[in-house]
2 protein chains.
Amino acid sequence: MTVTIYDVAREANVSMATVSRVVNGNPNVKPTTRKKVLDVIERLEYRPNAVARGLASKKTTTVGVIIPDISNVFYAELARGIEDIATMYRYNIILSNSDQREEKELQLLDNMYGKQVDGIVMMSDQVSEELQNKMSHSPVPIVLAGTLDEMKEIASVNIDYLQAAYEAVKHLIANGHRRIAYISGPFSSTINKKFKFEGYKKALEEEGIALDEDLVIATEDSYDSGLEDFETLSQLADPPTAFFAGSDELAIGIIHGAQDLGKSVPEDYEVISFENSKLARMVRPQLTSVVLPLYDIGAVSMRLLTKYMNKENVEDGQVILPYRMIERNSTK
Amino acid sequence: MTVTIYDVAREANVSMATVSRVVNGNPNVKPTTRKKVLDVIERLEYRPNAVARGLASKKTTTVGVIIPDISNVFYAELARGIEDIATMYRYNIILSNSDQREEKELQLLDNMYGKQVDGIVMMSDQVSEELQNKMSHSPVPIVLAGTLDEMKEIASVNIDYLQAAYEAVKHLIANGHRRIAYISGPFSSTINKKFKFEGYKKALEEEGIALDEDLVIATEDSYDSGLEDFETLSQLADPPTAFFAGSDELAIGIIHGAQDLGKSVPEDYEVISFENSKLARMVRPQLTSVVLPLYDIGAVSMRLLTKYMNKENVEDGQVILPYRMIERNSTK
DNA sequence: CGATAGAATGAAAACGTTTTTCAAGAAATT
DNA sequence: AATTTCTTGAAAAACGTTTTCATTCTATCG
């Protein structure tokens with residue numbers, strides 16, 4: 001039924017070794033032989049069996065991607081960056097959603113090992129010790145994309161979240177605000193809790209503004225949370241006049257929350273976001289935001305992974321990409 | 001280095017046949033033996049090599065997913081539905097982006113065949129004859145998700161787009177409109193050109209409203225297109241008073257286009273969308289929309305595929321899912 | 001012209017399972 | 001105690017490649 005390398009060998013009057021050489025671009029084949037084999041391959045529509053190949057060569061040209069939730073734009077953008085570079089280097093991707101559940105992450109790693117992937121790109125909010133430990137003993141290279149490994153044992157690609165948050169808040173302060181809220185995604189995420197929050201605190205501190213715990217809210221990373229959080233904060237005796245939002249959805253929620261109460265942005269409140277997805281331009285006012293280069297983080301992670309898979313020498317596994325801020329109309 | 005089935009057999013004092021039976025849940029194994037083997041498996045951290053298994057059994061428990069663009073929310077939602085059901089049935093997913101380029105779709109199919117996937121879920125705007133032909137001769141089952149196969153030769157999961165569009169436009173007419181624009185995504189998509197457009201025409205016709213080509217615009221499926229299209233149409237001598245938008249992004253573009261000109265929705269213009277993504281609630285006014293059950297389409301497609309892969313009997317490969325309309329504030 | 005270094009090719013083992021077949025020992029049933 | 005039904009093992013084939021090593025060509029050199 002299916003045509004094998006053996007069929008090709010027979011038809012072309014050569015050994016399977018020679019067919020294998022032709023298929024794999026081994027230069028030690030006489031041009032005339034190569035052509036003869038290639039012709040037969042085309043005639044028979046021979047397609048090498050990647051599974052057999054994987055067994056024999058111990059390479060599957062497949063990488064595993066563990067992602068919290070592909071239906072979340074944030075991660076989908078990362079995934080696209082990963083996939084594009086993977087394709088460029090002829091790898092396929094096995095994609096699995098973890099929903100941030102550690103137990104599932106662990107299990108997915110085992111599953112990927114079983115499938116004999118050549119490497120793994122992993123995204124997660126939080127790298128527990130157990131996870132970190134398991135990854136350290138991985139049989140194949142792993143790169144963390146947009147995910148922090150505090151021990152810095154696993155290769156990873158990120159931006160300087162602390163500095164970016166710091167700059168954003170500084171911007172708000174420069175615009176005259178003293179009551180600045182930090183509406184964050186869940187603090188179970190190391191990036192939110194440790195890095196962005198630290199940047200926020202650093203900026204306040206530098207200006208001699210005392211941290212007011214009432215102005216810091218860590219919730220789900222969603223539009224509705226933004227809406228609610230605005231409402232909560234606007235009822236404070238001394239409400240904030242500016243918001244540093246952890247994501248675009250949160251920022252939009254805040255803006256609509258304000259608008260629903262008859263207030264306007266940026267006149268009554270200024271808002272700055274941290275993400276700059278496609279959404280940032282799809283609101284009125286459009287969002288001023290720190291731009292997180294999601295696609296690039298994915299792409300660079302995959303590129304880094306190819307280096308490890310090729311056993312190339314990598315000088316520094318902890319890659320920090322540049323970021324920038326883009327000013328639109330949610331700030332003055 | 002790696003522990004094989006052979007190691008387990010030796011340690012457990014049984015034959016590899018027995019280990020294989022245990023691993024594959026064959027019932028003909030005495031409980032005590034099963035336990036003994038399981039213990040050794042755990043102790044040795046034996047993990048069956050899926051590649052070897054795939055070669056021997058000719059099943060890889062992997063399915064291919066060909067998607068236009070995973071970073072597009074629309075498809076990401078579909079993908080999530082596919083993945084969830086795949087996981088439920090213990091399949092992994094190899095995901096590849098086609099960018100709607102037929103040449104790439106063809107090539108990806110070959111690639112997936114080479115990887116010996118057990119089945120394929122495919123999404124595309126348009127199924128050309130060549131593609132349709134290639135799929136008909138596929139060595140493994142294929143299901144189209146949210147994708148129309150006009151020949152109805154390939155299994156597929158969809159909603160009744162024509163009827164849904166018809167209803168949406170009827171709704172606008174019922175609200176008193178006679179000048180109703182259809183702002184569509186690209187007409188290269190069969191669904192847009194043939195189905196939604198037909199539904200639009202049918203509704204108009206039924207009410208004796210002549211089709212005005214000026215009111216039909218097929219552009220890119222983006223926010224910016226919506227913005228532009230609104231501008232274009234508002235400059236008409238006899239501009240539309242209502243819009244039937246092919247997607248949420250388009251609808252939001254239209255609304256913002258109107259608002260940027262000092263008009264308001266739904267007072268000056270009514271808008272109805274066709275998608276109901278998360279975005280639909282993230283605008284003011286919130287979108288009235290036909291709700292496309294993207295996640296379900298993905299999930300049902302994958303479920304259908306499992307049936308084909310199990311060689312179960314499928315009564316009808318052309319599945320039509322129900323849809324509904326949700327009224328929010330972009331219509332009165 | 002014979003020797004010799006490469007280049008080109010082939011033969012066979014290896015990769016880690018599943019699957020099959022047959023035989024035989026163990027356990028359960030009557 | 002006889003018979004039936006379960007369990008298990010041993011061995012080997014199969015899956016379709018890659019890879020190693022040996023061998024055969026071919027061309028070049030002195």
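Just so it is clear, the model here is predicted, and its values are computed rather than measured. In what follows, every chain begins at residue 1, and chains take the letters A, B, ... in the order their sequences are listed.
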Please work out if B:N13 contacts a base, only the sugar-phosphate, or nothing of the nucleic acid, heavy-atom cut-off 4.0 Å.
-> sugar-phosphate
Figure out the CG/C1' separation between A:N26 and C:dG10, and round it to whole Å.
-> 14 Å
Test log, rule side chain to side chain donor-acceptor pair (under 3.5 Å), inputs B:Q126 and B:S188 | CA-CA 7 Å; B:Q126 191 184 22; B:S188 54; 5.1 Å; no
Of the candidate nucleotides C:dT17, C:dT9, D:dG16, which contains the atom at the shortest distance from the side chain of B:A52?
-> C:dT17
Which listed nucleotide (D:dT8, D:dG16, C:dT18) is nearest to the side chain of B:T33?
-> D:dT8
Atom-to-atom span, CG of A:L44 to P of D:dG16 - whole angstrom | 14 Å
Nearest-Å distance, CG (B:N28) to P (C:dA26)?
-> 18 Å
Looking at A:N49, does any N or O in its side chain come under 4.0 Å of the phosphate oxygens OP1/OP2 on D:dC15?
-> no
Taking the side chain as C-beta and beyond, is there a heavy-atom pair between B:M302 and B:Y91 under 4.5 Å?
-> yes
Reckon B:N24 has a side-chain N or O less than 4.0 Å from the OP1 or OP2 of C:dT18?
-> yes
Among C:dG10, D:dG9, C:dT18, which is the nearest nucleotide to the side chain of B:R53?
-> C:dT18
In degrees, rounded to 10°, what is the bend between the two ends of the helix from C:dC1-D:dG30 to C:dT30-D:dA1, using five pairs at each?
-> 30°
Considering only C:dG16, C:dA27, C:dG10, which nucleotide approaches the side chain of B:K30 most closely?
-> C:dA27
To the nearest angstrom, the CZ-P distance between A:R34 and C:dA8 comes to 9 Å
How close or far is atom P of C:dA14 from atom CD1 of B:I5, stated in whole angstroms?
-> 19 Å
Neighbour count >12 (heavy atoms, 6.0 Å) for atom NZ, A:K194 | no
Between C1' of C:dC15 and NZ of A:K59, the distance in whole Å | 14 Å
D:dA11 phosphate, OP1 or OP2: any side-chain N/O from B:Y6 under 4.0 angstrom?
-> no
Indicate yes or no: does B:D316 engage B:K152 in a salt bridge with an N to O separation below 4.0 Å.
-> no
Indicate, with a heavy-atom threshold strictly under 4.0 Å, whether B:V51 touches base, sugar-phosphate, or nothing.
-> nothing
Please check the phosphate of D:dT7 (OP1 and OP2 only) for any side-chain N or O of B:T18 closer than 4.0 Å.
-> no
Check every strand shown and say whether B:V23 touches a base, only sugar-phosphate, or nothing at a heavy-atom separation below 4.0 Å.
-> nothing
When rounded to whole Å, the CZ to C1' distance for the pair B:R10 and D:dG9 reads 17 Å
Can you name the one residue among A:N26, A:V8, A:I5, A:V37 that meets side-chain contact (heavy atoms from CB on, under 4.5 Å) with A:S20?
-> A:I5
A:D39 bridged to A:R43 by N-O distance under 4.0 Å = no
Considering only heavy side-chain atoms of A:S57, the closest of D:dT17, D:dC15, D:dT18 is D:dT18
Answer yes or no: does a side-chain N or O of B:S20 lie under 4.0 Å from OP1 or OP2 of C:dT18?
-> yes
For A:Q116 and C:dC15, what is the distance between atoms CD and C1' respectively, to the nearest whole Å?
-> 11 Å
OP1 or OP2 of D:dG16 less than 4.0 angstrom from a side-chain nitrogen or oxygen of B:K58, does that happen here?
-> yes
Is it true that A:D99 and B:R80 make a salt bridge, defined as a side-chain N closer than 4.0 Å to a carboxylate O?
-> yes
Nearest listed nucleotide, side chain of B:S15, among D:dA10, C:dT17, D:dT17 | D:dA10
Base of C:dG10 paired with side chain of A:R21 (donor-acceptor, under 3.5 Å) | yes
Selected nucleotide, minimal atom distance to A:T4 side chain, candidates C:dT17, C:dG16, D:dT17 = D:dT17
Is it the case that more than 12 heavy atoms not belonging to B:K134 sit under 6.0 Å from its NZ atom?
-> yes
Assign each of A:T32 and A:L55 the nucleotide of DNA chain C bearing its closest heavy atom; nearer the 5' end lies the nucleotide of A:T32
Residue A:A17, side-chain heavy atoms: nucleotide from D:dG16, C:dT18, C:dG10 that is nearest | C:dG10
Does a side-chain heavy-atom distance below 4.5 Å link B:T147 with B:V127?
-> yes
